[in-house]
Enquirer: 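Quick one: structure below, then a few questions.
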Number of protein chains: 2
Amino acid sequence: MRTEHASLQEGRISRSEEPLNLEMPFENVDQFITPTKSFYVRTHFPIPNIDKDKWRLSVEGEVERPLEIEYDEFLKLQRRKIPVTLECAGNNRSFLEPKVKGVQWGLGAVGTAEWTGIPLSILLERAGVKPNAREVILEGADEGELDDAKAPRGKVRFARSVPLAKARADVLLAFQMNNVDLPPEHGFPLRAIVPGWYAMASIKWLTRVIAIGRPFTGYYQTLDYAFWRNGELMPLSEMQTKAQIARPVNGETVLANSNVRVFGAAWTCDEIGRVEVSTDAGSTWEDAQLLGESKPHAWRLWQYNWHTPTRGRATLIARGTSSRGSTQPTERDSNRGTYMINHLLPVNVTIE
Amino acid sequence: MRTEHASLQEGRISRSEEPLNLEMPFENVDQFITPTKSFYVRTHFPIPNIDKDKWRLSVEGEVERPLEIEYDEFLKLQRRKIPVTLECAGNNRSFLEPKVKGVQWGLGAVGTAEWTGIPLSILLERAGVKPNAREVILEGADEGELDDAKAPRGKVRFARSVPLAKARADVLLAFQMNNVDLPPEHGFPLRAIVPGWYAMASIKWLTRVIAIGRPFTGYYQTLDYAFWRNGELMPLSEMQTKAQIARPVNGETVLANSNVRVFGAAWTCDEIGRVEVSTDAGSTWEDAQLLGESKPHAWRLWQYNWHTPTRGRATLIARGTSSRGSTQPTERDSNRGTYMINHLLPVNVTIE
């Protein structure tokens, strides 16, 4: 890890140094809001060093009145604060068999923060989106050359699109994370938050918002962060339903004939409806207790009181179901490539 | 080459056996129409063995009246015969530096045939395309598993789309090539001919025509047969302007102080306007003589009378310009990946 990054690690697991990728040890989760210093960090290129006094956000493309907005002006707009769970689309990748390319995330490329910002809809309204617009491209200042023979030549900027309806509905342009200005590694001075979607859409170091009249086919929408559905290539979008066990951890030894608290978090693209736990490798399931209040687009902490047997081994599994009724799949769907990994993951423990 | 394919080769260059890929030696070109037995063959999977009495063509998707049509019924529709040049999108690939993956075509993955068939517009009219349709997918019966970690799992059928306007304008569903039924390797019983486009769009062994309301993103439209334009992935479509020298061939020795006929063909997405020849490696250019009549979507043969000097070496180059004024580029554009290769190619000769 480079010197300038070492101070950032703060108990997080370094998955790569250049670019910087830090994972939160998922076993540390104990509250609804993830502290910023524990939050996972996913970057694709060197972290842009942006002077907020020189920074501008442009709204352009299929709009009646293209605009540029300065940081101070931006802060004067009507702000909103919402808790949103961000999960990297490649979270859990290290559990795939056979092994695949990509950052080898364990369980912790996920976290929940409170994000303060301006609804994108306000800027779109101000710019006047033309009737032919279909999508909105969000483009960051982060860029670099790609080590992929099939990639475009020269520097590529990180960019993703969202459908216009989603852009208008709830995309937030956030300047604060957990009530303080975004740190550089989380997108200072401004990042998008696309609630309910995998976090590749929540563009950091946001500098351009571009309305377009057709589906955007940039690199991170096609050759990366995409999957196959019915033989067609689709950009990744909504998070898949998932429950993860934070504690006990895989390989842990627990006390026999006692009450063990199985604890974790569960999330989906909207709200979690149910979490079940199996302590016998999936043969039988019981409901876990959902903690706190349900909030849209944020994870739900949960616990389950496990009465352990006398001794032996046990395989714990958690299984989430969304409020709309979609349940985590038991097996991996190989058409999802190296993303959207939400099949059931066992946690093996010894009882003594 | 497998036994069942050996009889097909007929003086063509075998570029691969499984799947079968045969190239026409471009130096043999001497007439406007390429004989079927000399025509290049490009396949991606084993050649489907189709019984025309069991074969059906379906027109489905965003249409008011989905239909299925039998071979005999198909032949009763109003037919048309047009000469069209087909060029593989990877023609000239063996000239790329550095070397790239893919079939190593020389100059001869191109040819012109007369195609007899039914305009696709007749079937679209009969099925009644819905107002929301934007594209038409053409799907062949050829299929197989792909040796590409990023491809969809399981069998994939070869399919491409064309915009609805193109489908209505001039796409032909051909059952004859040069006045006889299509041979199996050219798509028996029916193939699409998409005039002016690279030949990956001219789907062979056609079985399904599917209208859709959004851009099709199948494998051969995205991860293959695509290129980058302004940072966005675009499916290959129109052929790029190109003039090729058939004779003399590279490395040939020609007679000093004589008249040497430089001969070749030139093509583009519509009509060729001009062919120039340089005999001094590109320093000076003179017009070649265009032969025959200009026909839309077909190549134009050309010749140039070269008065050779006393002795030495010379580099011949041909350069085409379309009737709309687009001229072949001098250098390769690397954003085109392994396709659309139409930069200038030198032919070196010795004069004795």
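If you're wondering where the values come from, they're calculated on a predicted model, not measured in any experiment. Every chain is numbered from 1, with letters handed out A, B, ... down the list of sequences.
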Enquirer: Do A:Trp228 and B:Leu223 have side chains that approach each other closer than 4.5 Å (heavy atoms only, starting at C-beta)?
Expert: yes

Enquirer: With side chains defined as the heavy atoms from C-beta onward, is the minimum distance between A:Thr222 and B:Leu233 less than 4.5 Å?
Expert: yes

Enquirer: Heavy-atom cut-off 4.5 Å, strictly under: side chain, backbone, both or neither for A:Ala159 against chain B?
Expert: neither

Enquirer: Taking atom CZ of B:Arg56 as the centre, report whether more than 12 heavy atoms of other residues, nucleotides or ligands fall under 6.0 Å from it.
Expert: yes

Enquirer: Please classify the contact of A:Arg134 with chain B as side chain, backbone, both or neither, using a heavy-atom distance under 4.5 Å.
Expert: neither

Enquirer: Check each atom of B:Arg214 against the heavy atoms of chain A and say whether the ones under 4.5 Å are side chain, backbone, both or neither.
Expert: side chain

Enquirer: If you take all heavy atoms of A:Gly218 and B:Glu232, which pair is closest and at what distance?
Expert: N-CG, 4.1 Å

Enquirer: If you count heavy-atom pairs under 4.5 Å with chain B, which of A:Ala151, A:Gly154, A:Gly337 comes out on top?
Expert: A:Ala151

Enquirer: Counting heavy atoms not belonging to B:Glu331, are there more than 12 under 6.0 Å from its CD?
Expert: no

Enquirer: Side chain from CB out, backbone as N, CA, C, O: work out which of these in A:Phe227 comes under 4.5 Å of a heavy atom of chain B, or both, or neither.
Expert: neither

Enquirer: Is the backbone N or O of A:Arg153 less than 3.5 Å from a side-chain atom of B:Asn335, with the two atoms forming a donor-acceptor pair by type?
Expert: yes

Enquirer: Pick whichever of A:Ala226, A:Ala149, A:Ser334 has the most heavy-atom pairs under 4.5 Å with chain B.
Expert: A:Ser334

